[in-house]
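Written below as structure tokens is the structure these notes are about.
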Amino acid sequence: MPELRKIITLKKLLLFLVFFLIYFLMVIKPYVMMYEGSWQMEADFAKEIKVQYGTALSPEEFAMLKAQKPVYEPGETDIFIAGNPEYTSLQIYSLRELLEVISERKLTLEEENRLWFQLYEEVTSEVVMSDMEGLIIFDMWDYYIDSYEQEAIRGDVRYENLTALANERVKERNQEEVYSPCPGNVAEYNFTLLRYFSVFMMLGTTFFVMPYMVSENRSRMPALQCSFQKGRTYYQNRLSAVVGAVLVIAIAVCILYAVCAKQDRVFTFWNCPIAGFASGFIGWLPWTLGSYTVSLLLLAILASVGLSLLVFVVTGFLSSYVSAIAWQLPVAAFSCLYGGFLLFKAGEINKPLFIAPAVGIGILAAGLTAVFLQGKREKKKDMV
């Protein structure tokens with residue numbers, strides 16, 4: 001389609017990719033786990049639970065999991081610390097206590113460095129790192145077991161002053177979904193990715209529409225084509241091209257999101273209930289991580305199409321890029337507010353369920369209404 005090629009040009013695509021690279025490095029990268037560490041270790045641990053017990057544990061399966069919990073045995077690092085007078089004089093008797101004291105900043109920088117250097121010289125850094133990894137895994141067992149037991153009893157005390165309907169949903173969730181192995185780090189990072197990619201999607205799609213419309217108006221081609229009966233289909237052609245371009249860009253953004261989500265292990269837990277104990281999240285509906293993600297991306301796409309249609313209508317009357325950019329400012333503000341805040345954890349139990357869908361569908365309806373009214377106006381233009 002010739003009109004689609006006018007919108008999606010090589011120059012615009014290169015600008016789009018450059019902008020995404022800058023956006024990724026400045027905003028998204030901290031939330032994409034590319035390297036090994038405790039974050040990945042927790043995801044590996046949760047994956048093993050999923051492989052063994054499925055997407056949701058029953059109370060009986062939780063009892064089996066609890067019986068598998070290993071007994072912590074002091075490693076070479078613990079033994080050295082417990083027998084060293086310098087450590088014991090500071091009330092430090094194990095690697096765990098050393099890490100706790102350091103995290104609480106109870107030691108001076110000089111004391112910390114002296115203790116670490118002594119540890120690396122006497123035990124070697126490889127042994128210390130190995131013992132640290134074992135300690136992290138054991139702490140994960142503690143966290144998972146304790147959280148399961150506490151959540152099954154009390155639900156989640158973070159949600160207060162809920163309505164009667166919301167409290168009923170919390171009780172429903174605590175009967176089964178609480179036993180989901182979906183780890184909190186995966187769910188939380190996915191929420192953040194969805195927030196930033198939704199904003200990028202809405203801004204990106206309107207970016208392709210505005211310069212195309214101004215360029216068309218400056219060429220005066222629409223006025224010439226409307227002089228002929230056959231040329232009156234030009235409005236529908238432009239509208240179809242705009243919608244097609246918006247959907248292409250939205251799909252491209254979803255693909256970029258999927259690449260980042262894969263690094264964050266989202267697809268590993270795609271079919272796990274999201275309202276589990278580890279996520280600390282309770283939603284209005286019994287979503288899985290996948291269904292919740294698709295729902296938010298769909299709302300972002302609907303809002304992107306609606307915004308782009310509104311831009312299509314407004315910029316249809318403009319032939320100045322300065323005026324068009326000024327009209328884009330409300331669009332940018334809405335994109336940041338809707339994608340960055342309203343869609344962020346939109347289905348959480350302490351938030352109204354229907355506001356985010358209503359706004360997204362409402363923007364789409366406003367865009368469709370605007371192009372319908374403008375289309376009727378185009379048909380009434382007099383032919384020369």
Side-chain angles (χ1 to χ4, degrees), residues 33-53 57 59-154 157 178-189 264-265 268-269 276-280:
M33 290 293 102
M34 302 179 181
Y35 307 106
E36 294 297 328
S38 60
W39 196 100
Q40 297 285 5
M41 290 172 68
E42 183 177 349
D44 289 337
F45 182 80
K47 180 182 177 181
E48 291 179 7
I49 295 177
K50 181 191 172 187
V51 170
Q52 188 170 0
Y53 295 104
L57 282 75
E60 294 76 18
E61 288 173 329
F62 167 63
M64 295 170 60
L65 177 69
K66 186 177 179 181
Q68 292 178 240
K69 179 182 175 181
V71 177
Y72 181 75
E73 296 181 359
E76 188 176 340
T77 308
D78 292 307
I79 295 172
F80 171 77
I81 291 175
N84 188 288
E86 188 168 359
Y87 288 90
T88 56
S89 65
L90 296 170
Q91 304 299 310
I92 299 173
Y93 301 95
S94 66
L95 178 59
R96 185 196 299 276
E97 292 179 353
L98 173 63
L99 296 174
E100 288 175 355
V101 167
I102 291 175
S103 65
E104 294 171 1
R105 300 187 181 278
K106 293 181 178 179
L107 303 176
T108 65
L109 181 60
E110 183 181 354
E111 288 175 327
E112 286 183 22
N113 290 336
R114 187 174 69 253
L115 292 177
W116 280 119
F117 283 134
Q118 185 176 0
L119 199 59
Y120 288 148
E121 287 178 1
E122 299 295 334
V123 185
T124 75
S125 59
E126 291 79 8
V127 173
V128 174
M129 293 303 297
S130 176
D131 287 346
M132 277 188 180
E133 289 184 6
L135 187 60
I136 290 172
I137 293 174
F138 189 80
D139 285 345
M140 286 178 190
W141 273 99
D142 276 347
Y143 169 72
Y144 270 60
I145 297 298
D146 292 345
S147 297
Y148 267 124
E149 292 177 335
Q150 293 171 8
E151 291 284 352
I153 295 172
R154 70 182 185 184
V157 296
V178 70
Y179 294 105
S180 168
C182 180
N185 53 13
V186 172
E188 193 66 29
Y189 275 48
D264 282 351
R265 315 287 289 274
T268 301
F269 306 97
F277 78 91
S279 70

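A distance of 8.5 Å separates NZ of Lys69 from NZ of Lys66, quoted to the nearest 0.5 Å. One distance of note links CD of Glu42 with OH of Tyr143; it measures 6.5 Å at 0.5 Å rounding. Atom CE of residue Met140 and atom CD1 of residue Ile145 lie 13.5 Å apart, to the nearest 0.5 angstrom. Interatomic distance, CD of Glu76 versus CG of Leu95, reported as 12.0 Å (0.5 Å rounding). Distance check, rounded to the nearest 0.5 Å: CD1 of Ile79 to OG of Ser94 gives 12.0 Å.
At least one side-chain heavy atom of Arg265 sits under 4.5 Å from a side-chain heavy atom of Asp44. A 4.5 Å side-chain heavy-atom check between Leu119 and Ile81 finds at least one atom pair inside the cut-off. Looking at heavy atoms from C-beta onward, Thr268 lies out of side-chain contact with Val186 at the 4.5 angstrom threshold. Counting only heavy atoms from C-beta outward, the side chains of Phe62 and Ile49 never approach each other to under 4.5 Å. Between Leu57 and Leu65 there is a side-chain heavy-atom pair separated by less than 4.5 Å.
Judged as a ring-ring contact (aromatic ring centres under 6.0 Å, His included), and not counting sequence neighbours, the contacts of Tyr72 are Phe138. Judged as a ring-ring contact (aromatic ring centres under 6.0 Å, His included), and not counting sequence neighbours, Tyr53 has no contacts. Take Tyr120 and apply the ring-ring contact (aromatic ring centres under 6.0 Å, His included) test, not counting sequence neighbours, and it matches Trp116. For Tyr144, the ring-ring contact (aromatic ring centres under 6.0 Å, His included) partners are Phe45, Phe277, not counting sequence neighbours. Annotation: side-chain contact (heavy atoms from CB on, under 4.5 Å) contacts of Glu86 (sequence neighbours excluded): Asn84, Arg114, Leu115, Gln118.
Taking a 6.0 Å sphere around NZ of Lys106, one finds it holds 12 or fewer heavy atoms contributed by other residues, nucleotides or ligands. By the neighbour-count criterion of 12 heavy atoms within 6.0 Å, atom CD of Gln68 is densely surrounded, having more than that number from other residues, nucleotides or ligands. In this structure, Glu104 places its CD atom where more than 12 heavy-atom neighbours from other residues, nucleotides or ligands lie under 6.0 Å away.
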Decide side chain to side chain contact (heavy atoms under 4.5 Å, CB included) for Glu112 and Val101; before the verdict, give the C-alpha distance in whole Å, the side-chain angles of both, and the deciding distance to 0.1 Å. CA-CA 9 Å; Glu112 286 183 22; Val101 167; over 6 Å; no

Run the side-chain donor-acceptor check on residues 126-136: report pairs under 3.5 Å with partners two or more places apart or on a different chain.
unit_1 : atom_1 : unit_2 : atom_2 : d
Asp131 : OD2    : Thr77  : N      : 2.9
Asp131 : OD2    : Thr77  : OG1    : 2.5

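Distance alone, capped at 3.5 Å, places no donor-acceptor pair between the Glu111 side chain and the Leu107 backbone.
Smallest separation of non-hydrogen atoms from Ser180 and Gly276: CB-CA, 4.0 Å. In plain terms, the two heavy atoms of Ala187 and Ser279 that are nearest each other are CB-CB, 4.0 Å.
A salt bridge is absent between Asp78 and Arg96; no separation between the charged side-chain nitrogens and carboxylate oxygens falls under 4.0 Å.
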